[in-house]
Number of protein chains: 2
Amino acid sequence: MTTPRDPRAARLAHLAALVADGTRAVCLLALLDGRAWTAGELARYAGVAPSTLTGHLDRLVTGGLLAEERQGRHRYVRLAGPRAAQLVEELAAWSGPADLPRRGGLRAATADSAMARARTCYDHLAGRLGIALTDALADRGLLLRETGFALTGAGLEWFAANGIALDPGGRRPLARACLDWTERRPHLAGAAGAALCRHALETGWCARIGSERAVRVTAAGERALRDLLGVPPDALR
Amino acid sequence: MTTPRDPRAARLAHLAALVADGTRAVCLLALLDGRAWTAGELARYAGVAPSTLTGHLDRLVTGGLLAEERQGRHRYVRLAGPRAAQLVEELAAWSGPADLPRRGGLRAATADSAMARARTCYDHLAGRLGIALTDALADRGLLLRETGFALTGAGLEWFAANGIALDPGGRRPLARACLDWTERRPHLAGAAGAALCRHALETGWCARIGSERAVRVTAAGERALRDLLGVPPDALR
DNA sequence: GGGACGGTTCGGTCCCGGCCGAAGTTTCCC
DNA sequence: GGGAAACTTCGGCCGGGACCGAACCGTCCC
């Protein structure tokens with residue numbers, strides 16, 4: 001990576017270089033689940049020696065993509081924030097919207113199908129569930145989708161009426177599109193997407209399956225989504 | 001760049017590697033002006049030997065970031081499309097929203113100030129002009145901005161009423177936010193931003209200054225923007 | 001036809017950085 | 001206190017890839 005005169009280009013190249021290594025890319029994609037991983041977990045997952053991973057994490061943290069937290073003898077890392085997550089998503093969406101990796105075996109296949117049905121994508125909901133929610137919000141005039149991606153006035157009221165706090169403080173956009181790599185259609189992300197996901201997990205509309213990214217919609221969740229948004233239960237299966 | 005087992009991560013790393021070189025980054029930023037450059041121009045601009053640049057262009061074209069067109073003994077390259085431009089923008093915005101490069105000298109300073117006033121950003125308008133247009137559209141209820149970024153129904157009518165064709169065919173979003181690196185505020189991009197920019201240049205509201213990215217607002221443009229959108233002429237200076 | 005010009009191919013150099021294992025350091029827990 | 005576990009530091013190895021100059025190939029134009 002030759003460093004040019006132009007400092008702007010140098011910073012751009014430096015940032016891209018953080019992602020431009022296979023091992024680091026594996027880590028970043030894993031961290032897209034929004035949780036904090038320990039260095040050891042990531043090393044095993046990526047298939048490299050712990051000492052190798054230390055160096056990678058140093059670079060990613062220094063570069064601002066990851067945030068770290070030391071607890072005793074553990075080093076926890078997670079994506080630095082929604083913007084970092086968005087950056088990784090965006091690059092991942094460009095680089096291969098196609099084929100989700102078939103890892104072979106029945107167990108893998110069921111895991112994949114659960115992921116395709118409903119999962120978290122950093123801090124919001126994705127998979128068929130994410131699409132169904134986005135469709136429902138758009139159909140009811142709560143979300144503009146064809147001409148961009150924004151909550152309408154009615155949408156703001158709907159969130160307020162249902163007690164889903166929208167955290168107006170942040171500089172982060174309330175609604176933005178996130179391109180799903182199984183469905184290949186945009187679904188709701190941004191502060192509103194995150195609030196909806198948080199609410200769904202807190203009130204028990206959804207529950208995490210094991211410690212994975214996949215979630216399942218509970219019976220209560222099916223009822224709530226049907227009553228509040230008119231989501232047909234079929235759309236969630 | 002070690003290549004991992006996971007093909008998804010491999011593609012991600014491969015894409016990032018295209019940007020992760022200083023010389024290629026210089027080229028990509030230069031090409032953000034939306035025009036087609038010859039290989040020689042880029043080589044001189046980046047300060048490397050023509051033979052070196054040939055290799056870089058090969059990689060960028062193969063990787064899908066650039067499109068090329070051969071004309072006689074010239075090799076013209078430009079960004080492959082709006083999505084490629086958006087990707088570069090996004091990375092650039094993350095890597096350094098700060099200080100625009102002061103290149104020293106009076107000539108450079110005037111060029112910079114013209115750029116800050118009004119310029120193109122790939123295919124739409126940026127700088128203070130871009131912000132002023134975005135503000136005006138939002139103030140008149142034609143564009144939602146606080147809750148995301150989308151044209152309203154009134155906005156669609158406004159474009160139609162003023163004969164600005166919106167090219168509904170493409171899969172590209174009608175409105176999206178582009179983060180300006182001089183103003184540090186989002187302005188209108190996407191198909192609507194591109195249509196507005198095209199219209200402004202075609203009808204003579206704006207004219208390119210030399211062959212640069214900078215544009216100036218004509219007297220006719222000032223009148224039109226004031227009458228159609230209530231843009232105060234001061235906002236353009 | 002004959003330069004000049006723009007671009008490409010090739011060979012050779014060099015350095016950055018990813019990888020590992022071995023030896024340290026800190027924390028945890030018995 | 002002692003041993004195991006999690007991580008880090010260091011030294012050494014190795015490959016990819018960025019760079020250049022020289023030679024080569026079309027194209028343009030006089």
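Contact annotation for A/Arg24: backbone-only contact, meaning every heavy-atom pair under 4.0 Å involves sugar-phosphate atoms and none involves a base. Nucleic acid contact for A/Arg44: none, since no nucleic acid atom lies under 4.0 Å from a heavy atom of the residue.
Two residues are said to be in side-chain contact when any heavy atoms from C-beta on lie closer than 4.5 Å; A/Leu133 and A/Leu188 fail this criterion. Between A/Ile164 and A/Leu196 the shortest side-chain heavy-atom distance falls below 4.5 Å.
Distances shorter than 4.0 Å separate some side-chain N or O of B/Thr23 from OP1 or OP2 on D/dC19.
For the pair A/Asp6 and A/Arg8, the salt-bridge criterion is not met [side-chain N within less than 4.0 Å of a carboxylate O]. Residues A/Glu89 and A/Arg176 are paired through a salt bridge, judged by an N-O separation under 4.0 Å between the basic side chain and the carboxylate. Between A/Arg172 and A/Asp123, at least one side-chain N (NZ, or NE/NH1/NH2) sits under 4.0 Å from a carboxylate O, which counts as a salt bridge.
Separating the CZ atom of A/Arg70 from the C1' atom of D/dT8 is a distance of 9 Å, rounded to the nearest angstrom. Atom-to-atom, CG of B/Leu53 to P of C/dC5 comes out at 20 Å; the value is rounded to the nearest Å. Note: CG (A/Asp58) to P (D/dA6) measures 19 Å, nearest angstrom. In this structure, the CG atom of A/Leu18 is 14 Å from the C1' atom of C/dG18, given to the nearest Å. The distance between atom CZ of A/Arg75 and atom P of D/dT8, rounded to the nearest whole Å, is 4 Å. Atom NE2 of B/His56 is separated from atom P of D/dC20 by 8 Å (rounded to the nearest Å). Taking atom CG on A/Asp21 and atom P on D/dG15, their separation rounds to 17 Å, with Å as the unit. Between the C1' atom of C/dG7 and the OH atom of B/Tyr76 lies a distance of 13 Å, rounded to the nearest Å.
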Atom pairs under 3.5 Å: protein N/O with N/O of nucleotides 24-30 of chain D:
| unit_1 | atom_1 | unit_2 | atom_2 | d |
| --- | --- | --- | --- | --- |
| D/dT27 | O2 | B/Arg73 | NH1 | 3.3 |

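Listed by residue number, the members of residues 60-67 of chain B with any heavy atom below 4.0 angstrom from DNA chain C form an empty set.
Listed nucleotides: D/dC20, C/dG18, D/dC7. Nearest to the side chain of B/Val48: D/dC20. Distance from the side chain of A/Thr54 is smallest to D/dC7 among C/dT8, D/dC7, C/dC20.
Residues B/Ala165 and B/Ala195 approach most closely at O-CB, 3.4 Å, considering heavy atoms.
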List the atom pairs, with distances to 0.1 Å, where a side-chain N or O of residues 46-68 of chain A and a protein N or O form a donor-acceptor pair under 3.5 Å, not counting sequence neighbours.
| unit_1 | atom_1 | unit_2 | atom_2 | d |
| --- | --- | --- | --- | --- |
| A/Thr54 | OG1 | A/Pro50 | O | 3.2 |
| A/His56 | ND1 | A/Arg24 | NH1 | 3.1 |
| A/Asp58 | OD1 | A/Arg75 | NH1 | 3.3 |
| A/Asp58 | OD1 | A/Arg75 | NH2 | 2.8 |
| A/Thr62 | OG1 | A/Asp58 | O | 2.7 |
| A/Glu68 | OE1 | A/Arg75 | NE | 2.6 |
| A/Glu68 | OE1 | A/Arg75 | NH2 | 2.9 |

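Put simply, the side chain of B/Thr218 gets close to the backbone of B/Gly204: a donor and an acceptor are under 3.5 Å apart. With hydrogens and angles ignored, the 3.5 Å screen pairs a side-chain donor or acceptor of A/Arg213 with a backbone N or O of A/Thr120.
Toward the 5′ end of DNA chain D lies the nearest nucleotide of A/His74, the other residue of the pair A/His74 and A/Gly55 mapping further downstream.
In this pair, A/His124 and A/His187 present their aromatic rings tilted. The plane angle is within the 30 to 60° band.
Residue B/Ser51 places no side-chain atom within donor-acceptor reach of the base of C/dG7, judged by atom type and a 3.5 Å distance cut-off alone.
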